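Remember, predicted model here, so these are calculated numbers, not experimental data.
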Amino acid sequence: MAKIKMTTPIVEMDGDEMTRILWKMIKDHLLKPYIELNTEYYDLGLERRNETDDQVTIDSANATKKYKVAVKCATITPNAARMTEYNLKEMWKSPNGTIRAILDGTVFRAPIVVKGIEPYVRNWKKPITIARHAYGDVYKASEMKIPKAGKAELVYTAEDGSETRELIHDFEGAGIIQGMHNINDSIESFARSCFNYALDIKQDLWFASKDTISKKYDHTFKDIFQEIFDAEYKEKFEKAGIVYFYTLIDDAVARVMKSEGGYIWACKNYDGDVMSDMVSSAFGSLAMMTSVLVSPDGYYEYEAAHGTVQRHYYKHLKGEETSTNSVATIFAWTGALRKRGELDGNQELMEFAGRLEKATVDTIESGEMTKDLALITSIKNPTVLNSEEFIKAIAKRL
């Protein structure tokens, strides 16, 4: 059989631990036999990031700007224990955070729906995609402990030296304060990424915040979304037969629980962090989630939504058998291959991505799965496969 050719490379970002082992198996059994794989390779394993003072992460993000499509393996974000384990020069930042900042992207996460892995919310029939703003708010906040009575103020000093002040609180005793910020440019990028993605996948878009309480901070998010929608996207949405609306975050939660799914729910940074974990857990497993970083400039970076599966990696190093779920990593590859095919007009590549996804889902629905899914499936007497057996079972169907 003639292999499918690729005219433009995908940026390939290798990773750490057990997911790095799965990465190679997926390429060897599911991709290379069918595709003349064309990638620009970057090793984002922790050792390589340490050797290059994290320059390799920056280079991989800039390559994504050049080629527009990237696929990323899960990577370690080091803590104090990892500093010792890997003999690191410093506690390097999260590669995902670095890449998001360079690409100015929004993260879209959606569950992979499979018969036999039923959502805990019984009326959910279709995937719910969480769009999470990836800048600012509590993640870039300044905090202070207040030791005793006194006055706390927000102070803005303009470039000309003039000041604007807002009282936070007159403290009568000890307490705490936190200062959060965001920037209009980032909110505008977030809004455009959400609108573009909704048009891409032809689904309704919700945006939710708490503007009734936060009349300046959250209201600015709401206003920017509405202004951009009215000026640039309203007619496109009408033509595509989809809708955009704003709702309060508490109303959104209530509506989500009663819905069938099948839409994109855009959230501010912290809300998106919490709600994506809620949605993924309620649908079954983080290992059954797609994740794609979308930039308003048209860059796409696909990844698994979970970590490096450290516990399984240590078992693997001892020569013990593991049963690690590779579905999210497979779907990272299929998402990137489909997008590459779409941008290059390569129908064969797009169709291959669809066939590989179907083969993966069919394998699980036939009762062949990894241990994590066997523990939650409604399929009677599932066959539990180890890490490589599961990938080979998919290859057989493919």
Side-chain angles (χ1 to χ4, degrees), residues 61 64-65 68-69 97 99-110 127-140 180-253 255-256 259 262-276 279 291-302 339 342-343:
T64 305
K65 284 185 170 183
K68 299 191 182 300
V69 183
I99 293 162
R100 280 173 202 159
I102 292 169
L103 299 184
D104 191 19
T106 296
V107 179
F108 296 87
R109 287 187 170 171
I128 296 166
T129 301
I130 298 286
R132 176 187 170 188
H133 187 212
Y135 177 81
D137 299 349
V138 72
Y139 301 89
K140 281 194 173 286
M180 295 194 322
H181 80 279
N182 223 293
I183 49 179
N184 285 14
D185 282 353
S186 180
I187 301 167
E188 287 166 14
S189 290
F190 174 41
R192 287 193 177 92
S193 291
C194 290
F195 293 133
N196 289 338
Y197 195 71
L199 288 167
D200 250 9
I201 66 170
K202 303 278 189 291
Q203 284 190 350
D204 292 348
L205 173 68
W206 311 5
F207 175 56
S209 72
K210 194 68 174 173
D211 68 293
T212 50
I213 303 298
S214 177
K215 293 183 181 357
K216 291 178 183 172
Y217 197 104
D218 281 26
H219 215 299
T220 298
F221 275 82
K222 176 187 176 181
D223 291 344
I224 287 172
F225 262 76
Q226 197 62 53
E227 286 160 15
I228 289 173
F229 178 73
D230 291 342
E232 300 174 31
Y233 290 95
K234 195 172 184 180
E235 286 179 16
K236 292 176 185 173
F237 268 55
E238 284 169 5
K239 194 175 174 185
I242 57 175
V243 297
Y244 162 70
F245 65 86
Y246 173 84
T247 183
L248 287 169
I249 187 72
D250 39 334
D251 291 342
V253 171
R255 290 177 74 155
V256 164
S259 76
Y263 48 81
I264 302 160
W265 178 13
C267 296
K268 286 167 56 206
N269 208 348
Y270 177 74
D271 296 340
D273 193 357
V274 174
M275 294 308 165
S276 64
V279 167
S291 183
V292 56
L293 179 73
V294 180
S295 156
D297 297 315
Y299 315 132
Y300 297 81
E301 184 244 322
Y302 296 81
K339 181 54 70 175
E342 190 184 302
L343 294 179

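By the 6.0 Å and 45° rule, K268 stacks over the aromatic ring of F221. The cationic group of R132 lies under 6.0 Å from the six-membered ring centre of Y139 and within 45° of the ring axis, placing it in a cation-pi geometry.
In this structure, L199 and Y233 approach most closely via the heavy-atom pair CD1-CD2, 3.8 Å. Counting all heavy atoms, side chain and backbone alike, G136 lies closest to N182 at CA-ND2, 3.9 Å.
Side chain of D104 to main chain of S189: no donor-acceptor pair is present (N/O by atom type, distance under 3.5 Å, no hydrogens or angles). A donor-acceptor contact shorter than 3.5 Å links the side chain of Y217 to the backbone of H181. Not one N or O on the side chain of S186 forms a donor-acceptor pair closer than 3.5 Å with the backbone of I183. D204 places no side-chain N or O within 3.5 Å of a backbone atom of I242 that could act as its donor or acceptor partner. A donor-acceptor pair is defined here as one N or O able to donate and one able to accept, closer than 3.5 Å; such a pair exists between the side chain of K215 and the backbone of T212. Side-chain atoms of D273 do not come within 3.5 Å of backbone N or O of N269 as any donor-acceptor pair. Side-chain atoms of S295 come within 3.5 Å of backbone atoms of L103 as a donor-acceptor pair (strictly under, hydrogens ignored).
Taking a cutoff of 4.0 Å between a charged side-chain nitrogen and a carboxylate oxygen, E301 and R100 do not qualify as a salt bridge. Ion pairing between K339 and D200 holds under the 4.0 Å rule for side-chain N and carboxylate O. With respect to K210 and D250, a salt bridge is recorded, a charged nitrogen being found less than 4.0 Å from a carboxylate O.
Checking each of W206, Y197, F229 against Y244 for a ring-ring contact (aromatic ring centres under 6.0 Å, His included) leaves exactly one that passes, namely F229.
Ring planes of F207 and F190: perpendicular class, angle over 60° (limits at 30 and 60°).
F225 is listed as a side-chain neighbour of C194, based on a closest heavy-atom distance under 4.5 Å.
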